[in-house]
Amino acid sequence: MELPVWFEIATFVGLTVLLLADLAIVARRPHEPSVKEAGLWVSFYVGLALLFGLVVLAVTNGRYATEFYAGWLTEYSLSVDNLFVFVIIMARFQVPRKLQQEALMIGIIIALVLRGIFILLGAVVIERFVWVFYIFGVFLIYTAINLVRHRGDDEDYEENAFIRRMRRVLPMSKDYHGAKIRVTEDGKKLWTPMIVVILALGTTDLIFALDSIPAIFGLTREPFIVFTANVFALMGLRQLYFLLGGLLKRLVYLSLGLAVILAFIGVKLILEAVHENQLPFAGDREPIESVPHIPIWLSLSIILGVLLIATVASLLKTRGEEPDEDVPAEVEQGGSPVSTETTGRPAPAPETAEETRRS
């Protein structure tokens, strides 16, 4: 059964309106959400995703709904792991806490646009070259192995080449000016550090998508399901960032659980490629029926089970521990990004930097 065109259009219109409304709310009153506020928003977006799956079930069939839930859970769990890097980006660029919501929101919208392009390209490639599943499968297994190998390592953030180039070429102000990305100082038009923060969040998220999107394509070949799973996972990511905070450190087995999920999907992709039996150098061949096909309901059950076990085991392991505070005091107090790495300018003299921090 095909997805109705009217349903796809209505979904895209509805999600666009929701994202714009969310952005307008954030822009109108920049602030750091309380735990209660963040919890309510996360509950709202999770409930919305669950409701959308039921709508997909009513409009189409159980297969598409199950694929959506499996894809959404996979993307959401990978996004939680990526929050570690978002925390580091905010700390590195010393983004004031009250401005972090808007930076995250705009960065997520940029990420969604880039992911949409990535998904369309991936769908075209998969449609024409099923054998690309071999590459996706091996890549996911390789990623899973790396997650296990580096599970105990400290999280770090390395600027990509695009961000490094932007910091060098853009004339930039020393301080943040609210959420503005463009200001006038002494008659000169300058960019603020906020533009670099937003681009860092958006482009870094696209790098994260290099494993998450192939993983979802391992669960469904329907681009609409892949994209909506990404949208619903990322929409609540901003509030989840504030809700979890230092509690992220308690999810000590999350990376291990994600490694199991990625490895499972990687094996699933390779099995599907073998089952299809289509190779670029061998021409069209008949499918190999003896190769097992993993049903989507089993995939969803394994993903749910692994996430549940990883979460419960993590909380039991860290029971009684105090959550860590990952954000430096300068960020909480609205410190200015005064280093050469952040602004692309020479750092001020030590006493000036100290005065800046005190202010």
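Throughout, residue positions are numbered sequentially from 1 according to the sequence presented.
For the residue pair Asp22 / Tyr45, a side-chain donor-acceptor distance below 3.5 Å is found, with atom types taken as modelled. For the residue pair Gln100 and Tyr241, a side-chain donor N or O sits within less than 3.5 Å of a side-chain acceptor on the partner.
Of all the heavy atoms in Val252 and Ser314, the pair that sits closest is N-OG, 3.4 Å. Taking both residues in full, the closest heavy atoms of Ala144 and Ala259 are given as CB-O, 3.2 Å, listed atom of the first, atom of the second, then distance. When all heavy atoms of Leu237 and Ile108 are compared, the pair lying nearest together is CB-CD1, 4.1 Å. For the residue pair Ser77 and Leu254, the shortest heavy atom distance occurs at O-CD2, 4.4 Å. For Gly53 against Ala65, the heavy-atom pair with the smallest separation is O-CB, 3.5 Å. Contact detail for Gly218 and Glu272: the closest heavy-atom pair is O-OE2, 3.8 Å.
Residues Leu315 and Thr311 meet the side-chain proximity criterion, which asks for heavy atoms closer than 4.5 Å. Side-chain contact between Thr192 and Arg182 is absent, with no heavy atoms from C-beta onward closer than 4.5 Å. Side-chain contact between Phe139 and Leu269 is absent, with no heavy-atom pair separated by less than 4.5 Å. The shortest distance between side-chain heavy atoms of Thr220 and Ile296 does not fall below 4.5 Å. Taking the side chain as every heavy atom from C-beta outward, Trp72 and Leu50 approach each other to under 4.5 Å. Counting heavy atoms from C-beta outward, Ser299 and Ile294 have side chains that approach closer than 4.5 Å. No side-chain heavy atom of Tyr69 sits under 4.5 Å from any side-chain heavy atom of Leu304. The side-chain heavy atoms of Leu78 and Ile261, taken from C-beta on, include no pair separated by under 4.5 Å.
There is no path of hydrophobic side-chain contacts, each under 4.5 Å, that joins Ile110 to Leu120. No continuous path of ILVMFWY side-chain contacts below 4.5 Å connects Tyr142 to Ile213, so the two sit in separate hydrophobic clusters. No single ILVMFWY cluster, assembled from side-chain heavy atoms under 4.5 Å apart, contains both Val312 and Ile303. Follow the hydrophobic side-chain contacts under 4.5 Å out from Leu54 and you reach Leu300 in the same cluster. Phe68 and Val55 fall within a single hydrophobic cluster, where Ile, Leu, Val, Met, Phe, Trp and Tyr side chains are chained together by heavy-atom contacts under 4.5 Å.
Atom-to-atom distance recorded for Ile302:CD1 and Trp297:CH2 is 8.5 Å, nearest 0.5 angstrom. Between Leu99 atom CG and Leu104 atom CG the span is 11.0 Å, to the nearest 0.5 Å. For the atom pair CD1 of Ile265 and CD1 of Ile270, the computed distance is 12.5 Å after rounding to the nearest 0.5 Å. Distance check, rounded to the nearest 0.5 Å: CD of Gln101 to CD1 of Ile106 gives 11.5 Å. Here the CG atom belonging to Leu240 is positioned 11.0 Å from the CZ atom belonging to Phe86, to the nearest 0.5 angstrom. Separating the OG1 atom in Thr74 from the CG atom in Leu262 is a distance of 8.0 Å, to the nearest 0.5 Å.
Using a 4.0 Å cut-off between a side-chain N of Lys or Arg and a carboxylate O of Asp or Glu, Glu75 and Arg115 qualify as a salt bridge. Arg221 and Glu67 are not joined by a salt bridge, as no carboxylate oxygen comes within less than 4.0 angstrom of a charged side-chain nitrogen.
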### Task
For side chain to side chain contact (heavy atoms under 4.5 Å, CB included), just list the numbers for Ile126 and Phe136, CA-CA rounded to whole Å, side-chain angles, deciding distance to a tenth of an Å, and then say yes or no.
CA-CA 10 Å; Ile126 291 171; Phe136 284 177; 3.8 Å; yes
### Task
Test side chain to side chain contact (heavy atoms under 4.5 Å, CB included) on Phe232 and Val46 and set out the steps.
CA-CA 8 Å; Phe232 278 100; Val46 169; over 6 Å; no
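Ring-plane geometry between Phe12 and Phe224 is classed as perpendicular, the angle between the planes exceeding 60 degrees on a 0 to 90 degree scale with a lower cut at 30. Ring pair Trp41/Phe44 is perpendicular by interplanar angle, where above 60° counts as perpendicular and below 30° as parallel.
Counting only distance, with no hydrogens or angles, the side chain of Lys268 and the backbone of Leu219 share no donor-acceptor pair below 3.5 Å. In this structure a side-chain-to-backbone donor-acceptor pair under 3.5 Å is present from Asn61 to Tyr64.
Ring centroid separation for the pair Phe217 and Phe133 does not come in under the 6.0 Å cut-off.
Atom CZ of Phe7 has more than 12 heavy atoms from other residues, nucleotides or ligands within 6.0 Å.
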